[in-house]
Asks: 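Okay, here's the structure, questions in a sec.
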Amino acid sequence: MKKAIAAVALTFAFTVFAQEETSKYDHVIVSGAGVTVTEAELDAALENLPPEYQAYASGPGKRAFAGDFLRMKLLAKEAESEKLDQQQDVQTQLQLMRAHTLANAKIARMNDAVEVTDEAMRQAYESRKAEFERASARHILIAFEGSPAAGEGAPSEEEAKAKAEQIRAELIAGASFAELAAEHSADRQSAARGGELGTFGRGQMVPTFEAAVFAGKKGELLPVVRTQFGYHVIEVTDRSVVPFQEIREELEAEARQRAVEAQIERLEKAANPTFDETYFARASDDGEGGQGESR
């Protein structure tokens with residue numbers, strides 16, 4: 001783990017520092033040979049680690065991570081003393097990192113500058129309300145021969161439909177949904193829960209099944225529905241919509257992202273970029289040639 005953290009430290013240390021208290025910039029947490037690491041530097045590096053490393057590097061591995069950071073700075077100091085920073089390949093990498101850092105800083109400023117009103121977010125919520133609908137349902141699946149859920153001795157499609165209709169009639173007459181699901185459903189996983197599928201949103205079920213459920217009402221026993229898996233007897237057990245306050249942050253983030261992307265597109269368009277077509281044609285030819293040689 002320590003080696004992995006060290007490698008990540010070297011990769012992510014050169015980042016834009018978040019705005020911190022002045023004391024964090026001055027507070028030296030590790031030093032050696034005239035090289036220091038401040039609290040603000042370490043915090044900035046930690047924030048830019050991949051999620052799989054953050055928990056360790058922020059907790060039990062924090063001291064080791066700080067040591068890795070110091071090691072990186074000591075190596076950088078040695079490299080400068082040997083004038084490695086004047087090598088063309090190193091200068092190119094430094095320029096790329098500088099451009100990357102500045103571009104990210106500009107994007108952050110553009111994102112912060114986007115005006116997002118509560119009214120606009122509510123309008124977005126209302127216009128997309130269907131996306132935030134949720135439903136709970138239980139079903140009994142009668143698979144027919146040739147369907148993905150069919151087992152050995154599965155009935156024909158006509159027989160499966162007739163059986164599903166019979167089960168639906170028994171439910172209307174007062175039979176127990178859970179008992180019939182346990183006895184007849186080809187979906188054995190949900191059958192063990194009385195046919196319960198839990199709560200789901202749009203896009204999580206096969207289209208025909210989804211359309212039927214989201215057209216139904218809470219407590220409604222739907223007409224038998226056919227999907228590629230078989231015939232479903234479905235009861236809608238709940239219908240709801242994710243409240244605005246729970247989705248507002250996501251809506252705002254999306255609005256900001258769209259606005260920033262639009263600004264970047266305008267910036268690129270105004271730049272009127274030109275491409276060296278000879279170079280790119282050659283690159284394309286080289287790629288085709290490489291493929292040809294490998295065959």
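We number each residue from 1, following the sequence as shown.
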Asks: Do the side chain of Arg193 and the main chain of Glu196 share a donor and acceptor less than 3.5 angstrom apart?
Replies: yes

Asks: Report yes or no: does Gln204 contribute a side-chain atom to a donor-acceptor pair with the main-chain N or O of Gly201 at less than 3.5 Å?
Replies: yes

Asks: Decide whether Leu221 and Leu180 are clustered together by the hydrophobic rule: side chain heavy atoms of Ile, Leu, Val, Met, Phe, Trp, Tyr closer than 4.5 Å, transitively.
Replies: yes

Asks: Are Ile172 and Val233 in one and the same hydrophobic cluster, where Ile, Leu, Val, Met, Phe, Trp and Tyr link if side-chain heavy atoms are under 4.5 Å apart?
Replies: yes

Asks: Check this for me: does any side-chain nitrogen of one of Arg109 and Asp112 sit under 4.0 Å from a carboxylate oxygen of the other?
Replies: no

Asks: Could you tell me whether the side chain of Glu210 reaches within less than 4.5 Å of the side chain of Arg202, counting heavy atoms only?
Replies: yes

Asks: Minimum heavy-atom separation for Ala150 to Ala154, with atom names?
Replies: CB-CB, 3.7 Å

Asks: Let me check something: do Val28 and Leu42 share a hydrophobic cluster, defined by ILVMFWY side-chain heavy atoms less than 4.5 Å apart, either directly or through other members?
Replies: no

Asks: Can you tell me if Arg256 uses its side chain to pair, donor with acceptor, with the backbone of Asn111 under 3.5 Å?
Replies: yes

Asks: Mark yes or no for whether Lys73, through its side chain, and Thr36, through its backbone, hold a donor-acceptor pair below 3.5 Å.
Replies: yes

Asks: Does any part of the side chain of Phe144, heavy atoms only, come nearer than 4.5 Å to the side chain of Lys163, both counted from C-beta?
Replies: no

Asks: Taking it one step at a time, do Met121 and Phe244 satisfy side-chain contact (heavy atoms from CB on, under 4.5 Å)?
Replies: CA-CA 9 Å; Met121 292 302 93; Phe244 170 70; 3.9 Å; yes

Asks: Is a side-chain N or O of Glu246 found less than 3.5 angstrom from the main chain of Pro243, in a donor-acceptor match?
Replies: no

Asks: Hydrophobic cluster mates of Phe275, side-chain heavy atoms under 4.5 angstrom, ILVMFWY only, any path?
Replies: Tyr279, Phe280

Asks: Show the nearest heavy-atom pair for residues Leu46 and Ala57, with the distance to one decimal.
Replies: CD2-O, 3.5 Å

Asks: With side chain to side chain donor-acceptor pair (under 3.5 Å) as the criterion, how do Gln95 and Gln91 come out once you've worked through the C-alpha distance, each side chain's angles and the decisive distance to 0.1 Å?
Replies: CA-CA 6 Å; Gln95 290 168 5; Gln91 287 186 3; 4.7 Å; no

Asks: Do Leu251 and Val241 sit in the same hydrophobic cluster, where Ile, Leu, Val, Met, Phe, Trp and Tyr count as joined when their side-chain heavy atoms come under 4.5 Å apart?
Replies: yes

Asks: Do other residues, nucleotides or ligands put more than 12 heavy atoms under 6.0 Å from the CD atom of Glu145?
Replies: no

Asks: I'd like to know if the side chain of Arg188 reaches the main chain of Ser185, judged simply by a donor and an acceptor atom lying under 3.5 Å from each other, with no hydrogens or angles considered.
Replies: yes

Asks: Is any side-chain heavy atom of Phe69 closer than 4.5 Å to one of Ile29?
Replies: no

Asks: Do Leu74 and Glu78 come within less than 4.5 Å of each other through their side chains, counting heavy atoms only?
Replies: no

Asks: Does Leu141 sit in a hydrophobic cluster with other residues, and if so which ones, taking ILVMFWY side chains as linked at heavy-atom separations under 4.5 Å, directly or through other members?
Replies: Leu197, Phe200, Met205, Val206, Phe209, Val213, Phe214, Leu222, Val225, Phe229, Ile234, Val236

Asks: Passes side-chain contact (heavy atoms from CB on, under 4.5 Å), Gln88 versus Thr92? Steps please.
Replies: CA-CA 6 Å; Gln88 184 60 55; Thr92 299; 3.5 Å; yes

Asks: Locate the shortest heavy-atom distance separating Thr38 from Tyr25; write the atom from each residue and the value.
Replies: CG2-O, 3.1 Å

Asks: Before accepting this row, confirm whether a basic side-chain N of the pair Glu126/Lys129 lies closer than 4.0 Å to the acidic partner's carboxylate O.
Replies: yes

Asks: Are any non-hydrogen side-chain atoms of Leu171 and Glu235 less than 4.5 angstrom apart?
Replies: no

Asks: Does the side chain of Arg128 reach to within under 4.5 Å of the side chain of Glu254, using non-hydrogen atoms?
Replies: yes

Asks: Rounded to the nearest 0.5 Å, what's the gap from CD on Glu165 to CD1 on Ile142? Could you check?
Replies: 11.0 Å

Asks: Just verifying a value: how many Å separate Leu70 CG and Leu75 CG, rounded to the nearest 0.5 Å?
Replies: 9.5 Å

Asks: Contact between Thr208 and Arg226 at the side-chain level, heavy atoms closer than 4.5 Å - yes or no?
Replies: no

Asks: Check this for me: Glu179, atom CD, are more than 12 non-hydrogen atoms of other residues, nucleotides or ligands nearer than 6.0 Å?
Replies: no

Asks: Taking C-beta and beyond as the side chain, do Asp118 and Arg122 meet within less than 4.5 Å on heavy atoms?
Replies: yes

Asks: Is a side-chain N or O of Gln54 found less than 3.5 angstrom from the main chain of Leu49, in a donor-acceptor match?
Replies: yes

Asks: Nearest 0.5 Å please: distance from the CZ atom of Arg138 over to the CG atom of Asp187.
Replies: 14.0 Å

Asks: Can you name the closest pair of heavy atoms from Pro60 and Ala55 and give their distance?
Replies: CD-O, 4.2 Å

Asks: As an exercise, state the distance from CD1 of Ile107 to CD of Gln257, rounded to the nearest 0.5 Å.
Replies: 10.5 Å

Asks: Do you know which two heavy atoms are closest between Gln228 and Ser147, and how far apart they sit?
Replies: O-CB, 3.3 Å

Asks: Identify whether Val114 and Ile264 are in the same connected component of the hydrophobic contact network (ILVMFWY, side-chain heavy atoms under 4.5 Å).
Replies: yes

Asks: Closest approach of Arg239 and Lys218, non-hydrogen atoms and distance?
Replies: CG-N, 4.1 Å

